Amino acid sequence: MRKAIRPSPIRRNRFGVALRSISAQSVQLAARPAALTRVALAILALAASGCGYHFAADGSGLPPQAKTIYVERFGNRTRQTGLNDQFMRYVEDEIADRKRLALVDNSSDADLILSGDIIYADSVPISFNSAAEPTIYTQTISCDATLTDAHDHKLIWSSRGISSAQQTPVVGESVVTTSPYFVQQNLRSRDIAAMQDIQVAQTQQASSQEQAMTMLAQNLYASMSEGF
């Protein structure tokens with residue numbers, strides 16, 4: 001009698017059951033493009049979660065002997081005047097909050113020098129009302145950055161296109177008043193309801209830019225301190 005060939009078991013890894021479940025779904029839904037898209041996105045999300053990128057950023061990628069850092073004035077390749085100076089304050093706050101490196105005011109006192117450029121900043125509409133008027137924008141900010149040894153001027157780390165994005169509602173009906181970001185503001189639901197659309201747009205744009213810069217500074221520090 002011919003011996004039955006048993007299919008090879010799915011390779012085990014840290015994703016375990018999640019990958020087996022996704023694999024089964026991809027077979028069952030082969031004729032459904034929309035479902036396959038969702039499956040593919042799920043696989044990518046799982047892969048990203050296991051790639052080793054640590055947003056906690058414990059500084060393991062930094063030279064162990066480095067204790068101080070100087071942040072050079074970032075360049076600004078965008079049309080938004082002063083955006084680079086504003087972003088630098090967020091970067092310095094992030095470094096100070098992590099307490100791994102001490103900020104210094106002069107490059108001659110530093111072990112490390114961080115420099116970079118704001119390369120992109122723009123808002124793009126992503127949601128519209130029935131009259132084809134934008135109701136929500138996505139605000140994106142990107143930068144390039146490098147870290148060098150202040151003593152021998154050797155390049156330690158460099159990254160291009162570090163980005164963050166935040167949604168910006170421009171009409172009251174689009175503001176999610178239960179979101180954590182909204183709760184942190186000095187506004188309440190009744191405040192938004194009493195505002196004109198232009199006032200909503202101005203307040204939410206300022207809030208979204210603050211959130212985007214905070215996240216960008218966090219992403220920059222995480223990438224720099226972990227060596228990614």
Side-chain angles (χ1 to χ4, degrees), residues 48 51-124 137-168 180-181 183-186 202-228:
C51 71
Y53 194 90
H54 302 291
F55 286 95
D58 60 5
S60 60
L62 296 171
Q65 72 278 9
K67 305 299 181 185
T68 57
I69 186 170
Y70 173 71
V71 182
E72 288 187 345
R73 186 171 186 264
F74 271 46
N76 185 3
R77 300 186 208 167
T78 75
R79 297 181 180 179
Q80 298 187 32
T81 305
L83 191 65
N84 52 330
D85 295 326
Q86 186 179 355
F87 175 63
M88 280 181 61
R89 294 195 291 271
Y90 287 86
V91 173
E92 290 175 344
D93 287 346
E94 181 67 18
I95 293 172
D97 288 345
R98 295 296 180 177
K99 297 181 171 61
R100 167 60 179 82
L101 297 167
L103 287 162
V104 294
D105 296 327
N106 297 295
S107 59
S108 58
D109 299 325
D111 296 318
L112 304 173
I113 297 176
L114 175 65
S115 58
D117 296 281
I118 299 294
I119 60 171
Y120 179 83
D122 202 3
S123 294
V124 178
Y137 285 77
T138 290
Q139 187 170 187
T140 304
I141 304 177
S142 302
C143 71
D144 295 341
T146 59
L147 186 69
T148 57
D149 189 306
H151 305 295
D152 59 18
H153 307 292
K154 288 184 178 179
L155 180 67
I156 296 173
W157 164 87
S158 178
S159 185
R160 293 181 175 274
I162 305 170
S163 298
S164 72
Q166 290 292 326
Q167 291 189 359
T168 305
Y181 290 123
V183 172
Q184 293 172 11
Q185 300 179 46
N186 295 322
Q202 290 173 344
T203 58
Q204 294 307 300
Q205 183 176 15
S207 176
S208 295
Q209 186 175 71
E210 179 181 355
Q211 295 161 23
M213 285 195 172
T214 298
M215 184 178 294
L216 182 58
Q218 291 172 349
N219 292 347
L220 187 156
Y221 182 86
S223 179
M224 175 188 76
S225 64
E226 298 297 323
F228 291 107

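Bear in mind that the values here come from a model prediction, so they are computed numbers and not experimental data. Position 1 is the first residue of the sequence, and the numbers go up from there.
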Engineer: Which pairs pass side chain to side chain donor-acceptor pair (under 3.5 Å) with one or both residues in residues 143-152, sequence neighbours excluded?
Structural biologist: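 Listed once each, the pairs are D111-H151, S115-T146, D144-R160.
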
Engineer: Check whether any side-chain heavy atom of M213 sits under 4.5 Å from a side-chain heavy atom of L83, and report yes or no.
Structural biologist: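 Yes, close enough: below the 4.5 Å cut-off.
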
Engineer: Please, which pairs that meet ring pair (Phe, Tyr, Trp, His ring centres under 6.0 Å) have at least one residue in residues 93-112, sequence neighbours excluded?
Structural biologist: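 Sorted pair list comes back empty.
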
Engineer: Which distance, rounded to the nearest 0.5 Å, do you find between the CD1 of I141 and the CD of Q166?
Structural biologist: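 It is 9.5 Å, given to the nearest 0.5 Å.
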
Engineer: What pair of heavy atoms forms the shortest contact from N84 to G75, and how long is it?
Structural biologist: CB-O, 3.5 Å

Engineer: From I118 CD1 over to T78 OG1, what is the distance, rounded to the nearest 0.5 angstrom?
Structural biologist: 7.5 Å

Engineer: Looking only at non-hydrogen atoms, find the nearest pair between T68 and L101 and report the distance.
Structural biologist: N-CD2, 4.2 Å

Engineer: According to side-chain hydrogen bond (donor to acceptor under 3.5 Å, both in side chains), who are the partners of S163, at least two apart in sequence or on a separate chain?
Structural biologist: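 Here the qualifying residues are S142.
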
Engineer: Run the side chain to side chain contact (heavy atoms under 4.5 Å, CB included) test against S107 and tell me which residues pass, sequence neighbours left out.
Structural biologist: Y70, I113

Engineer: Minimum heavy-atom separation for Q139 to A212, with atom names?
Structural biologist: O-CB, 4.5 Å

Engineer: For residues V124 and T140, determine if any side-chain heavy atom of one lies less than 4.5 Å from a side-chain heavy atom of the other.
Structural biologist: no

Engineer: Got a sec, which residues hit side-chain hydrogen bond (donor to acceptor under 3.5 Å, both in side chains) with D109, two or more places apart in sequence or on another chain?
Structural biologist: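 So D109 forms no side-chain hydrogen bond (donor to acceptor under 3.5 Å, both in side chains) with any residue.
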
Engineer: Which residue pairs pass the salt bridge (Lys or Arg N to Asp or Glu O under 4.0 Å) test with at least one member in residues 88-97, sequence neighbours excluded?
Structural biologist: E94-R98

Engineer: Kindly write out the residues that satisfy side chain to side chain contact (heavy atoms under 4.5 Å, CB included) with R79, not counting sequence neighbours, or none if the list is empty.
Structural biologist: none

Engineer: Could you tell me which non-hydrogen atom of S60 sits nearest to which non-hydrogen atom of E226, and how far apart they are?
Structural biologist: OG-OE1, 3.0 Å

Engineer: Please name the pair of heavy atoms, one in C143 and one in L220, separated by the smallest distance, quoted to 0.1 Å.
Structural biologist: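 Closest heavy-atom pair between C143 and L220: SG-CD1, 3.7 Å.
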
Engineer: Measure the shortest side-chain to side-chain distance between N76 and D117 over non-hydrogen atoms and say whether it is less than 4.5 angstrom.
Structural biologist: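 No, too far: nothing below the 4.5 Å cut-off.
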
Engineer: Determine which pairs satisfy ring pair (Phe, Tyr, Trp, His ring centres under 6.0 Å) with at least one residue from residues 80-105, sequence neighbours left out, and list them in order.
Structural biologist: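 For residues 80-105, and leaving out neighbouring residues, the ring pair (Phe, Tyr, Trp, His ring centres under 6.0 Å) pairs sorted by first residue read F74-F87.
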
Engineer: So do Q86 and Q80 actually touch side chain to side chain, heavy atoms under 4.5 Å?
Structural biologist: no

Engineer: Taking all non-hydrogen atoms of both residues into account, name the closest pair between E72 and M88 and its distance.
Structural biologist: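 E72 and M88 have their closest heavy atoms at O-CE, 3.4 Å.
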
Engineer: Checking S159 now: which residues fulfil side chain to side chain contact (heavy atoms under 4.5 Å, CB included) with it, not counting sequence neighbours?
Structural biologist: W157, I162, S223

Engineer: Which value, rounded to the nearest 0.5 Å, describes the distance between L62 atom CG and L147 atom CG?
Structural biologist: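 These two atoms lie 6.5 Å from each other.
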
